K.L.:
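Take a look at the following structure, please.
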Amino acid sequence: MAAPQSLASRIVAAFVLMAAFVAGVFALIIVEAINTVETRLVTDALNHQLDFIIDESNEGRFPALGPGLDLYVAPIGASASLPAWLAPLQEGLHETENDDEAFHVLVRDREGKRYVLVLDQEDFERRETMLFVAVTAGVVISILAAALLGRALARTVISPVVRLSGQVQHRDQLLPLAPPLAAEYAEDEVGKLAAAFDETLGSLREALEREQLFTSDVSHELRTPLMVIASSCELLEAQELAPQQLAQINRIGRACAEMQELVETFLSLARVPQERGTKLAGASLAAVATEQLHRWQPEAAQRGLALDLVSESVDDGVYPAPLLRAVLTNLVRNAIHYTDEGFVRLVLRDGGFSVLDSGAGIPEAERALVFRPFARGGSTRGDGIGIGLSLVQRICDRQGWQISLSPREGSGCEFRVQLRAS
């Protein structure tokens, strides 16, 4: 795939191509015109010289020939008396070669005689070579001049665009009091582009402001009732309740804890880049994985599945607990919900982990879609709406983690997450 070209390089290329085309056309015209004029001049000069020679010879005088000229005279029909390379020529002007040398030859029949005037083209060839060199040099100089001129003009033309690009990319443009960009530019194409950026950046600022307000509202309004629910579940668990009631209380408590984790995760994803990672508690992979094992074992047991935790090697990293917990929760929960029998296994390794299952697996055509929002498997089990894996993908992208999906030998699939380089 060809690398994309910058606007400046495109301008320079346009200048060079235009100069090459124009200079090439002019060079061809000049060369053709000079060849035509040269042929006409040679024809006139040789005819005039031969007329002079014939007139002088008729009066009994034989004028001296100029340098590079030779004259052959023979009776008409007696071509054998002429050199072999001249004998086949008919009346008129010819360009021919002999012994790798070029000649102009004028043949004329008059009063029973054939006159053959031969002109050596060495001088013409030398002048033609000089002409071709001059024309070629002119084309090359024109192209170089066009490249330099195009480069200079490109810098001048795109300098406002480069300046505007730098201003748009500056993070201060997202601040509420950032000045408009269009005021600094003339009312031309660049000014219209700056005005369009002002409109887009204004909409983006409003969206960021709404998101920040929503984040603060969620942080304040949702945490309080969730804490009330969690504390109420703890008080109810301390009461003497029937096993069925206690199971329902535990279920409510787990749902409340999951809601708290989701709130914390969404709040973390909504924070601006400068705040990311500054308010999240750290935890080890083994600690979060063990927590998830205890959390999901009851549901796995209810479905007749074995939920295992296998540690292949020790990982000593510390990761944002809410984000890592959200990734593990969604992957383990999906594996349990989409596995009818067998097992779900959480495998830990240095720098990452995998979630494997013995379910039906995911068809190859659907693997590229599972991380999209609202994408669900072929089965309609569960009450999910298809945002779990999308959330996992967003968290991994945010943290620089790598997640991949591959089929498992036999049946099922494997979600592999790389938290850091091995």
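Bear in mind the structure is a predicted one, so any value in this text is a computation, not a measurement.
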K.L.:
Can you tell me if Glu91 uses its side chain to pair, donor with acceptor, with the backbone of Asp109 under 3.5 Å?
P.N.:
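Side chain of Glu91 to backbone of Asp109, a donor-acceptor pair under 3.5 Å: yes, one is there.
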K.L.:
Checking Ile362 now: which residues fulfil side chain to side chain contact (heavy atoms under 4.5 Å, CB included) with it, not counting sequence neighbours?
P.N.:
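Counting only residues at least two positions away or on another chain, Ile362 forms a side chain to side chain contact (heavy atoms under 4.5 Å, CB included) with Glu366, Arg367, Val370, Leu405, Cys413, Phe415.
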K.L.:
Quick check for you: to the nearest 0.5 Å, what is the distance between Leu193 atom CG and Phe197 atom CZ?
P.N.:
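Between atom CG of Leu193 and atom CZ of Phe197 there are 4.5 Å.
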K.L.:
Side chain to side chain donor-acceptor pair (under 3.5 Å): which pairs involve residues 226-239, sequence neighbours left out?
P.N.:
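The answer is none; no pair qualifies.
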K.L.:
Look up atom CG in Leu148 and atom CG in Leu153, then write down how far apart they are to the nearest 0.5 Å.
P.N.:
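Between atom CG of Leu148 and atom CG of Leu153 there are 11.0 Å.
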K.L.:
Please list, chain by chain and in numerical order, all residues satisfying side chain to side chain contact (heavy atoms under 4.5 Å, CB included) with Val118, sequence neighbours excluded.
P.N.:
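Applying side chain to side chain contact (heavy atoms under 4.5 Å, CB included) to Val118 gives Asp70, Tyr72, Trp85, Leu86, Phe103, Val105, Val116.
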K.L.:
Tell me which pairs pass side chain to side chain donor-acceptor pair (under 3.5 Å) where either residue lies in residues 316-326, with sequence neighbours left out.
P.N.:
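Found Glu291-Arg325, Asp315-Tyr319, Asp316-Arg420, Tyr319-Arg420.
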K.L.:
With a 4.5 Å cut-off on side-chain heavy atoms, are Arg349 and Arg416 touching?
P.N.:
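Arg416 reaches Arg349 side chain to side chain.
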K.L.:
Can a donor-acceptor pair be found between the side chains of Arg303 and Thr339 at a distance below 3.5 Å?
P.N.:
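No.
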K.L.:
Under the side chain to side chain contact (heavy atoms under 4.5 Å, CB included) test, which residues partner Asp198, sequence neighbours left out?
P.N.:
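Pro180, Leu181, Ala182.
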K.L.:
Which residues pass the side chain to side chain contact (heavy atoms under 4.5 Å, CB included) test with Leu293, not counting sequence neighbours?
P.N.:
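Per chain and number, Leu293 pairs via side chain to side chain contact (heavy atoms under 4.5 Å, CB included) with Gln297, Leu307, Leu309.
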K.L.:
Measuring only between side-chain heavy atoms, which start at C-beta, is Trp296 closer than 4.5 Å to Thr329?
P.N.:
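Heavy-atom side-chain distance check passes, below 4.5 Å.
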